[in-house]
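Have a look at the structure below before the remarks.
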Amino acid sequence: MNAVTTEQGERIEQAIHEAEELFVSAGQAKVRAERLDYRRKSVRAAMFIKHKAAVKSAAEATELAECDPVYELAKEDWFAAAMEAETLKARAEGKRMKFEAWRTANATKRAQMNLR
């Protein structure tokens, strides 16, 4: 009576596989976001150097660098990648929570049956 049916076993295996895929995708997205963050910082430094020659202060050069369209594009790429990473991480955690809730409910059912 406590045995898992073949159909239930297949559904469990599928759920585990989907969770694994989500966690892998989340990890890959996180690395992409980190790479794009590094690129964003490199672009900012290059834009700082470009603008530093035309102004007197580092603060002015920083402001111009951060307003440069090239930096804006790099920043937007990083924002999009970071959003994707966080979204995938949240989906993977949701999948884990559903599995844990299912597992807890089944353990409770088994415990109740054993008390009868």
Original post:
Would Lys50 and Met47 satisfy side-chain contact (heavy atoms from CB on, under 4.5 Å), going step by step from the backbone distance to the final call?
Top reply: CA-CA 5 Å; Lys50 173 186 167 188; Met47 294 300 99; 4.3 Å; yes
**OP:** Taking all heavy atoms of Leu22 and all of Ala92, pick out the closest pair and write down the distance.
**Re:** CB-CB, 3.8 Å
Subject >> Shortest non-hydrogen separation from Ala58 to Phe48 and the atoms involved >> reply: O-CE1, 3.4 Å
Original post:
Between Lys52 and Ser57, which heavy-atom pair has the shortest distance, and what is it?
Top reply: NZ-C, 3.9 Å
Original post:
Between Glu93 and Lys89, does at least one N-O distance fall below 4.0 Å, as a salt bridge requires?
Top reply: no
**OP:** Any chance you could measure Ser42, atom OG, to Asp37, atom CG, to the nearest 0.5 Å?
**Re:** 9.5 Å
Subject >> Transitive ILVMFWY side-chain link Leu73 to Phe79, under 4.5 Å >> reply: no
**OP:** Supply the atom-to-atom distance Glu63 CD to His51 NE2, rounded to the nearest 0.5 angstrom.
**Re:** 11.0 Å
Original post:
When rounded to the nearest 0.5 angstrom, what distance separates CD1 in Ile12 from CD in Glu7?
Top reply: 11.0 Å
Original post:
To the nearest 0.5 Å, what is the distance between CD (Glu72) and CZ (Arg44)?
Top reply: 12.0 Å
Subject >> Working for side-chain contact (heavy atoms from CB on, under 4.5 Å), residues Leu88 and Phe23 >> reply: CA-CA 7 Å; Leu88 287 168; Phe23 279 109; over 6 Å; no
Original post:
Under the side-chain contact (heavy atoms from CB on, under 4.5 Å) criterion, do Asn106 and Arg103 qualify, and how do the steps go?
Top reply: CA-CA 5 Å; Asn106 282 331; Arg103 195 170 75 148; 5.9 Å; no
**OP:** Supply the atom-to-atom distance Tyr71 OH to Trp78 CH2, rounded to the nearest 0.5 angstrom.
**Re:** 8.0 Å
Original post:
Heavy-atom count around Lys75 NZ within 6.0 Å, excluding the residue itself: above 12?
Top reply: yes
Original post:
About how many Å separate CD1 of Ile16 and NZ of Lys95, when rounded to the nearest 0.5 Å?
Top reply: 10.5 Å
**OP:** Test Asp77 against every option in Arg32, Arg40, Arg39 by the side chain to side chain donor-acceptor pair (under 3.5 Å) rule and name the one that passes.
**Re:** Arg39
Subject >> Passing candidate, side chain to side chain donor-acceptor pair (under 3.5 Å) with Gln14, options Glu18, His17, Arg11 >> reply: Glu18
**OP:** Kindly indicate, with the supporting measurements, whether the criterion side-chain contact (heavy atoms from CB on, under 4.5 Å) is fulfilled by Thr87 and Met83.
**Re:** CA-CA 6 Å; Thr87 300; Met83 178 64 80; 4.0 Å; yes
